[in-house]
Amino acid sequence: MCRHLAYVGPPVSLRTLLYDPPHSLARQSWAPRDMRGGGTINADGFGIGWYPPDGGEPVRYRRGTPIWSDVTLPALAAATTSGAVLAAVRSATVGMPVLDTAAAPFGEGPWLFSHNGAVRGWPDAVAGLAGRLPVRDLLTLDAPTDSALLWALLRHRLRAGEDPAGAVAETVAEVAAVAPASRLNLLLTDGRTVVASVAGHALSVRQVPGGVLLASEPHDDDPGWRAVPEGRLVVATAAGARITALPRR
Ligand code: GLN
């Protein structure tokens, strides 16, 4: 069920995150190791969001086609450098459309967001939560998918000034309360801090010199990868990762 990663640290080429590692995100699109029954490959799109090294808002490149079929991306990735990246490959949940705009990262202003998982009972289970959002937000959802709605719910909290870690934790809690057994691995960054929930899917963290990597699956055999246990919230910066329990409702 989708594979995603986030990196914050010294500037690197996108190629070193997407293609170079032996079990890179590109490889995980066709040979993932840990899908937990949620599909077999991640062929329904991909997206990369990166922060320009000289500052400013992140740039996003998203497609509704397999990452391996994009013949332009390898050269683009080799030529593009960034110190903060969020990328994902998508396996669409049954019943959800395959569109460029359904691929993570979703974003607004400084934020990039990805969801690995599925909302159980979609859409009825979360219709009540969705109904509390401004009508405009619902009319302008990126796509009619669970992930796009999760982004709208989280974004609503961020716009209200909630702190990112609390906003991710609360979004997971409120959705889990009405849609039990959902898989809600969220990933949010502003280019400096990465917040991630581990709720139904795997996530591993690795400190690298001057930075941090978070990924659904370790992309190499480095012993520095740590699997984050279920039910945790990770708040990571280049300086380190803090792992706490996700609150329950
Ligand atoms: N349910 C989401 C979608 O269909 C995410 C899927 C996933 O994690 N595989 O886009």
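The first residue of the sequence shown is numbered 1, and numbering continues consecutively from there. Ligands are counted one by one from 1 in listed order, and the atoms in each one are counted from 1 as well.
Between the CG atom of Leu187 and the NE2 atom of His4 there is a distance of 4.5 Å, given to the nearest 0.5 Å. Remark: His115 NE2 to Thr93 OG1 distance equals 7.5 Å, nearest 0.5 Å. Distance check, rounded to the nearest 0.5 Å: CG of Leu5 to CD of Glu217 gives 11.0 Å.
The distance criterion of under 3.5 Å between nitrogen or oxygen atoms is not met by Asn42 with respect to ligand 1. Taking distance alone, with nitrogen or oxygen atoms compared against 3.5 Å, Arg90 approaches ligand 1 more closely than that limit.
If you check each of Ser147, Ser182, Ala118, Gly117 against atom 8 (O) of ligand 1, the one with the closest non-hydrogen atom is Gly117. With Cys2, Gly45, Ala148 as candidates, the residue nearest to atom 6 (C) of ligand 1 on a non-hydrogen basis is Cys2.
The ligand atoms of ligand 1 that sit less than 4.0 angstrom from a heavy atom of Ala92 are 4 (O). The contact set between ligand 1 and Ser91, taken as ligand atoms under 4.0 Å from a residue heavy atom, comprises 6 (C), 7 (C), 9 (N). Close contacts of ligand 1 with Thr93, meaning ligand atoms under 4.0 Å from a residue heavy atom, involve 1 (N), 2 (C), 3 (C), 4 (O), 6 (C).
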Item to check | Step-by-step side-chain contact (heavy atoms from CB on, under 4.5 Å) determination, Val12 to Tyr7 | outcome: CA-CA 10 Å; Val12 294; Tyr7 168 79; 3.7 Å; yes
Item to check | Tyr61/Asp100 under side chain to side chain donor-acceptor pair (under 3.5 Å): CA gap, chis, key distance, verdict | outcome: CA-CA 9 Å; Tyr61 179 73; Asp100 289 355; over 6 Å; no
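Side-chain polar atoms of Asn42 and Trp30 form no donor-acceptor pair below 3.5 angstrom.
Ligand 1 has at least one atom lying under 4.0 Å from a heavy atom of Asp146.
Aromatic ring pairs are classed by plane angle as parallel below 30°, tilted from 30° to 60° and perpendicular above 60°; the pair Phe113 and Phe106 is tilted.
The proximity of His201 to ligand 1, defined as any non-hydrogen pair under 4.0 Å, does not occur for either the backbone or the side chain.
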